[in-house]
Each structure stands twice: as C-alpha cells, then as structure tokens.
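Here the structure is a predicted model, which means the values were calculated and not measured. Residue numbering restarts at 1 for every chain, and letters A, B, ... go by the order of the sequence lines. Values reported hereafter were calculated over all heavy atoms of this structure, with side chains retained and with hydrogens, waters and symmetry mates removed.
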Protein chains: 2
Amino acid sequence: MDNQFESYFKAAVSVDNVVFGFDNTGLKVLLIYRGADPYRNCWALPGDLISLDTNLLDSAEKVLQDLTGLEEIYMEQIHTFGKVDRHPYGRVFTVAYFALIKIEDYHLHPSSWAEEAAWFPISEIPELPFDHNEILAYAKEQLKSKIRRQPIGFELLPKHFTLTELQTLYESILERGFDVRNFRKKILSMDFITDTGLKQTSVTHRPAKLYKYNAKRYSNLINTGFAFDL
Amino acid sequence: MDNQFESYFKAAVSVDNVVFGFDNTGLKVLLIYRGADPYRNCWALPGDLISLDTNLLDSAEKVLQDLTGLEEIYMEQIHTFGKVDRHPYGRVFTVAYFALIKIEDYHLHPSSWAEEAAWFPISEIPELPFDHNEILAYAKEQLKSKIRRQPIGFELLPKHFTLTELQTLYESILERGFDVRNFRKKILSMDFITDTGLKQTSVTHRPAKLYKYNAKRYSNLINTGFAFDL
DNA sequence: TTTAATTATTGTATTTTTTACAATATATTC
DNA sequence: GAATATATTGTAAAAAATACAATAATTAAA
C-alpha cells in the first residue's frame with residue numbers, strides 16, 4: 001500500500017436514483033420525504049451515501065430495494081455529479097441512476113431514511129434539494145433518447161398491455177403524438193410484440209387486445225443487425 | 001456539519017480520459033507510460049486522482065491539459081466505474097471521459113506522472129492496468145453511438161478536410177463501409193458542411209476540394225427539429 | 001507531349017420507409 | 001336496439017435509402 005495514497009484527498013460517494021413509473025395518467029417519478037439532515041423534511045430523489053465494501057451498481061440496487069422491496073429492476077447509470085459545493089456537509093460525488101418500474105406491481109416501503117415515498121407526475125415536480133432537479137432533468141433526457149432506441153418501455157408497463165397503452169407511454173415520454181395507424185404498423189412490424197390472445201376486461205367499451213413483449217425475439221433481431229428506432 | 005458525515009466512509013476519486021485521435025491510418029488512442037506506482041512501467045489511460053477543491057469536469061480537463069497543453073478540447077463524461085477491488089491501494093471510484101482531438105494540432109507534453117505518451121491504433125491496444133481495457137471498450141461504444149447522431153467527428157479532423165477523409169473517419173469509427181456517392185449526397189444534403197473553395201496541395205493525383213464544418217448552421221438546423229443521423 | 005496511374009466527383013432508377021388521412025368494428029350502458 | 005366509447009385497419013403519396021459505374025483532374029513516367 002502506498003503512503004501517498006493513504007494521505008490523499010478522500011470524498012464521500014452517494015447514489016441517487018431517478019425512478020420512473022407510468023400509469024394511465026402519465027409518467028411519474030418516485031420521491032421520498034427526507035427524515036434526516038441535511039434538507040430534512042423535504043421531497044428528494046431516493047439516494048444514499050454508499051459504503052466501501054459494496055460495488056457501485058450493487059449500492060444503487062440496494063438503495064432502490066430498500067425503498068421498494070422489488071428485485072430485478074431495470075437500472076442504468078446516467079451520470080456522475082461532482083460540483084465542489086453540491087453537498088452542504090462536504091465533498092460528495094453522486095452517481096445518478098435511472099430505474100424503470102411497473103407502477104402497479106408496486107407497494108412502497110418507505111425506508112429508514114425516508115418518512116414517506118410518493119409518485120409525482122413528471123410535470124409537477126417540486127423544488128428539490130442538492131442538485132436533484134438537475135439530475136432529474138438529465139434523467140428525463142436520457143430516458144427520452146434511450147426509449148427510442150431500446151425496448152425498455154416495457155419495463156414501465158404491465159406484463160400484458162394494449163397498443164393504446166404502449167402508444168400513450170411513448171407519447172408521454174417523447175412529448176409528441178403519433179398517428180394511431182402508423183404507430184401500430186411500425187410497432188407490429190418489429191416482430192417482438194406478440195398477441196397474447198387475451199382481451200381487456202371490465203372496460204365499458206370495445207375491449208382491446210392484450211400484447212406482451214418478447215425479449216427473445218428482440219435479441220434474435222438484434223443479432224441480425226436490426227436497429228430499433230422509433 | 002453533521003457528525004455522522006465526518007465519520008462516514010470516504011473513497012478516493014479519479015478521472016480517466018480516453019483520448020481519441022484520427023489520421024489517415026485510422027483511429028488512435030492516447031496512452032501514457034506510467035512512471036509511478038501502482039502499475040509503474042506500463043501503458044495506461046491518462047488519468048489521475050482528483051483533489052477536493054476542483055469540480056469534476058474541471059479535473060478531467062486539467063488532467064488532459066497537463067498532458068497535451070491543448071485547450072477547448074471536446075470532452076464528455078461516459079461512465080463511472082466503482083468495483084470494490086478495481087484499485088490495488090483501496091477504494092477508488094473513477095469517472096471516465098472521452099475526448100476528441102485533432103491529432104496534428106498536437107504536440108504531446110508527457111506530464112509529471114507519465115514518462116511518455118503515445119498514440120496507439122485502436123486495433124493494437126495492449127493489456128492495460130486497472131479496468132482500463134473495460135473503460136476503453138465502453139468509450140469506443142459510446143463514440144460509435146454518439147458520432148452517428150451528433151456532428152462531433154469534426155473534432156477529430158483538421159479544420160479543412162476532404163470528403164474522403166470524412167468518409168474514412170466515419171468508416172473507421174463505425175466499422176462499416178459507405179457507398180461514396182450516397183455518403184456524399186447525404187453529408188452535403190445536411191447544410192452544415194461547406195466548401196472552402198480551396199483544394200488539396202502536394203498530392204500526386206487529382207486534388208480534392210476542402211470543406212469545413214459550420215457549427216452555426218448546424219445549430220440553426222437543430223432548432224428547426226432537424227435530427228442528424230448517419 | 002502523350003500515356004499511365006491515381007484519386008475525385010457525379011446521376012439515376014429502384015426499393016424501402018415514412019407520412020397523411022377516415023371509415024368500420026366491437027364492446028358496454030341506458 | 002340506440003347511444004356511447006374506444007379499437008382496429010388500408011391505401012396512396014412523398015421522402016429517404018440503396019444499388020450501381022462512368023467521367024474528370026491531377027501528377028509522374030515514358
């Protein structure tokens with residue numbers, strides 16, 4: 001072990017997760033109500049300082065699992081924020097992740113460091129502590145560009161979904177409309193969304209067919225040089 | 001200041017830069033020959049531990065400026081690597097950046113921590129210390145996906161370049177060929193590459209026209225909803 | 001000065017993809 | 001069975017991508 005290393009500047013490192021959910025009212029973000037300093041008693045992104053014996057991604061997953069109780073959540077690192085004064089207690093680098101979850105699978109477990117957790121519509125995000133508003137903006141952009149090129153939208157939908165739900169999802173995230181016919185043609189022409197044979201129930205109008213995402217078919221396509229692009 | 005914070009786990013943080021260059025023989029990466037432990041006397045990505053009083057991006061720029069003497073280099077954060085055992089001396093998170101430079105503008109200044117710096121063809125990268133091979137692979141993928149959607153290729157070319165050079169650049173990075181006629185048609189149909197009126201000199205055959213990238217026109221286009229995609 | 005060698009430049013027809021646009025079908029509720 | 005509500009589908013036109021090869025401009029050599 002090198003002497004110089006021991007005496008070198010050290011900083012705390014945290015992860016902050018931007019957790020997206022989706023229901024028929026639109027895109028949502030999960031915020032927690034902080035029960036500890038700094039910024040006690042305000043809404044913030046779920047995040048925590050991490051310990052030295054845990055890999056980075058494992059730490060991010062742990063923070064999220066503590067909060068939600070869910071496993072196998074789609075997560076992706078988006079950016080590391082490291083301005084000198086971003087944390088009032090000292091130098092803290094934070095690695096931001098975004099996560100996509102099926103909002104209805106979902107029972108929140110507000111964890112030790114949070115008094116409460118709640119879904120906020122993406123258009124009604126309050127002022128957040130630290131640089132969390134900046135992180136969220138970054139995550140939104142990332143989601144927007146990612147969802148056009150990778151089939152990650154399905155992580156936000158129930159296992160069985162209607163094409164209308166899928167279209168609404170894309171429209172919410174991309175903030176644009178699609179022509180119904182052209183959207184369906186394009187989606188179905190990619191071979192990885194399959195008809196389950198099932199239909200919606202308990203709707204007061206013509207029930208829609210239910211589809212599911214077929215990951216195996218998608219990876220087959222990828223191997224043939226196919227590129228998803230919506 | 002919070003007591004708990006002071007006693008919290010702290011780690012060192014470094015930046016590692018993947019510096020790409022390009023000349024008529026292809027895509028290159030800048031490596032330094034380490035003059036200090038750990039991994040003294042081997043080729044590695046230029047990187048360094050960072051100090052607590054410098055913003056993250058500023059640190060990355062500083063590492064690169066020390067090495068190259070250049071300013072206003074195109075840099076972009078790509079990923080943070082944080083496996084527990086990635087550094088032999090203790091927990092070190094490293095934030096990786098990629099940088100694009102005009103290889104010929106360029107006189108290397110091997111800096112304090114390096115005995116030497118040299119360009120390596122992308123296909124002849126030796127085994128590197130730490131997780132640097134993984135970082136480089138990640139950077140290559142990032143460059144590949146970025147260059148298709150943003151006009152960053154010009155950062156690698158001289159101010160005045162021929163269309164053949166531009167095509168070779170794209171072909172090297174994307175690892176595929178383009179039809180000469182179709183490539184030129186597409187590039188010129190986007191309005192941001194303009195003829196300088198100049199021609200190549202000192203070539204032993206028909207000299208090619210020299211073009212330049214027009215950033216102003218590009219940003220005008222972007223504002224009209226145009227999306228670059230090659 | 002002609003010829004050879006080398007690279008630069010350009011156009012057209014075909015195929016594929018994207019876009020624009022509205023009528024009909026299927027379910028429930030009253 | 002009529003009203004209401006959403007789901008589903010096709011076609012023509014425009015735009016973009018692709019496939020393909022002949023001619024032009026320069027230097028070097030004969």
Distances under 3.5 Å between nitrogen or oxygen atoms of protein and nucleotides 14-18 of chain C:
unit_1, atom_1, unit_2, atom_2, d
C/dT18, OP1, A/Lys186, NZ, 3.2

Side chains of [X] and [Y]: donor-acceptor distance under 3.5 Å anywhere?
X        : Y        : result
B/Thr196 : B/Lys199 : no
B/Glu61  : B/Gln65  : no
A/Gln142 : A/Lys146 : no

Whole angstrom is fine here: how far is it from [atom1] in [X] over to [atom2] in [N]?
X        : N      : atom1 : atom2 : value
B/Phe161 : C/dA8  : CZ    : P     : 15 Å
B/Phe226 : D/dA16 : CZ    : P     : 11 Å
B/Asn24  : C/dA8  : CG    : C1'   : 17 Å
B/His205 : D/dA29 : NE2   : P     : 14 Å
B/Arg206 : D/dA28 : CZ    : P     : 17 Å
B/Phe183 : C/dT9  : CZ    : P     : 12 Å
B/Ile187 : D/dA17 : CD1   : P     : 12 Å
B/Leu163 : C/dT10 : CG    : C1'   : 12 Å

Output one line per pair: protein atom, nucleotide atom from nucleotides 1-3 of chain C, and distance, for all N/O pairs under 3.5 Å.
none

Discussion item. Can you give me the bend angle of the helix from C/dT1-D/dA30 to C/dC30-D/dG1? Use the axis through the first five pairs and the one through the last five, nearest 10 degrees.
Written reply: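 Its terminal axes enclose an angle near 10°.
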
Worksheet item: Does the pair B/Lys62/B/Asp66 count as a salt bridge with the N-to-O cut at 4.0 Å?
Response: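 Result for this pair is yes, salt bridge flagged.
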
Discussion item. Salt bridge or not between A/Lys83 and A/Asp131? Use side-chain N to carboxylate O under 4.0 Å.
Written reply: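 Here A/Lys83 does not pair with A/Asp131 in a salt bridge, since their nearest N and O are not under 4.0 Å apart.
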
Discussion item. Can you tell me how the ring of A/Tyr213 sits relative to the ring of A/Tyr218, calling it parallel under 30°, perpendicular over 60° and tilted otherwise?
Written reply: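 The rings of A/Tyr213 and A/Tyr218 sit tilted, inter-plane angle from 30° to 60°.
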
Counting only side-chain N and O atoms of [X], is one of them less than 4.0 Å from OP1 or OP2 of [N]?
X        : N      : answer
B/Lys199 : D/dT26 : yes
B/Thr204 : C/dT6  : no
B/Arg181 : C/dG11 : no

Worksheet entry | A/Asn223 side chain to A/Ser219 backbone, donor-acceptor under 3.5 Å |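 Yes, A/Asn223 side chain to A/Ser219 backbone: donor-acceptor pair under 3.5 Å.
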
Practice prompt. Going by the ring-ring contact (aromatic ring centres under 6.0 Å, His included) test, name the single residue among A/Phe93, A/Phe98, A/Tyr138 that passes it with A/His79.
Written response: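 That would be A/Tyr138; it is the only one of A/Phe93, A/Phe98, A/Tyr138 passing the ring-ring contact (aromatic ring centres under 6.0 Å, His included) with A/His79.
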
Worksheet item: Starting at the 5' end of DNA chain C and moving along, which residue's nearest nucleotide shows up first, A/Pro207 or A/Asp179?
Response: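 Its nearest nucleotide lies further toward 5', so the answer is A/Asp179.
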
Worksheet item: Centroid-to-centroid, A/Phe154 to A/Phe161, below 6.0 Å?
Response: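 Here the rings of A/Phe161 and A/Phe154 have centres that are less than 6.0 Å from each other.
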
Worksheet entry | Closest to side chain of A/Asn182, choosing from C/dC21, D/dT8, C/dA27 |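 Closest nucleotide to the A/Asn182 side chain: C/dC21.
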
Item to complete: Please work out if A/Thr162 contacts a base, only the sugar-phosphate, or nothing of the nucleic acid, heavy-atom cut-off 4.0 Å.
Response: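 Nothing: the residue A/Thr162, judged by heavy atoms under 4.0 Å, touches no strand.
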
Practice prompt. Have a look at B/Val180 and say if it touches a base, only the backbone sugar-phosphate, or nothing, with a 4.0 Å heavy-atom cut-off.
Written response: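 The residue B/Val180 makes base contact.
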
Discussion item. I'd like to check B/Trp119 versus B/Val29 (side-chain heavy atoms, cut-off strictly below 4.5 Å). Are they in contact?
Written reply: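 When only atoms from C-beta onward are counted, B/Val29 and B/Trp119 do not touch, as no gap falls below 4.5 Å.
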
Discussion item. With heavy-atom distances below 4.5 Å as the criterion, would you say the side chains of B/Thr80 and B/Thr94 are in contact?
Written reply: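 Of all side-chain heavy-atom pairs linking B/Thr94 with B/Thr80, none is under 4.5 Å.
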
Worksheet item: Is the Lys NZ or Arg CZ of B/Arg176 less than 6.0 Å from the centre of B/Phe178's six-membered ring, within 45° of the axis?
Response: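 Flagged: B/Arg176 positioned over aromatic ring of B/Phe178.
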
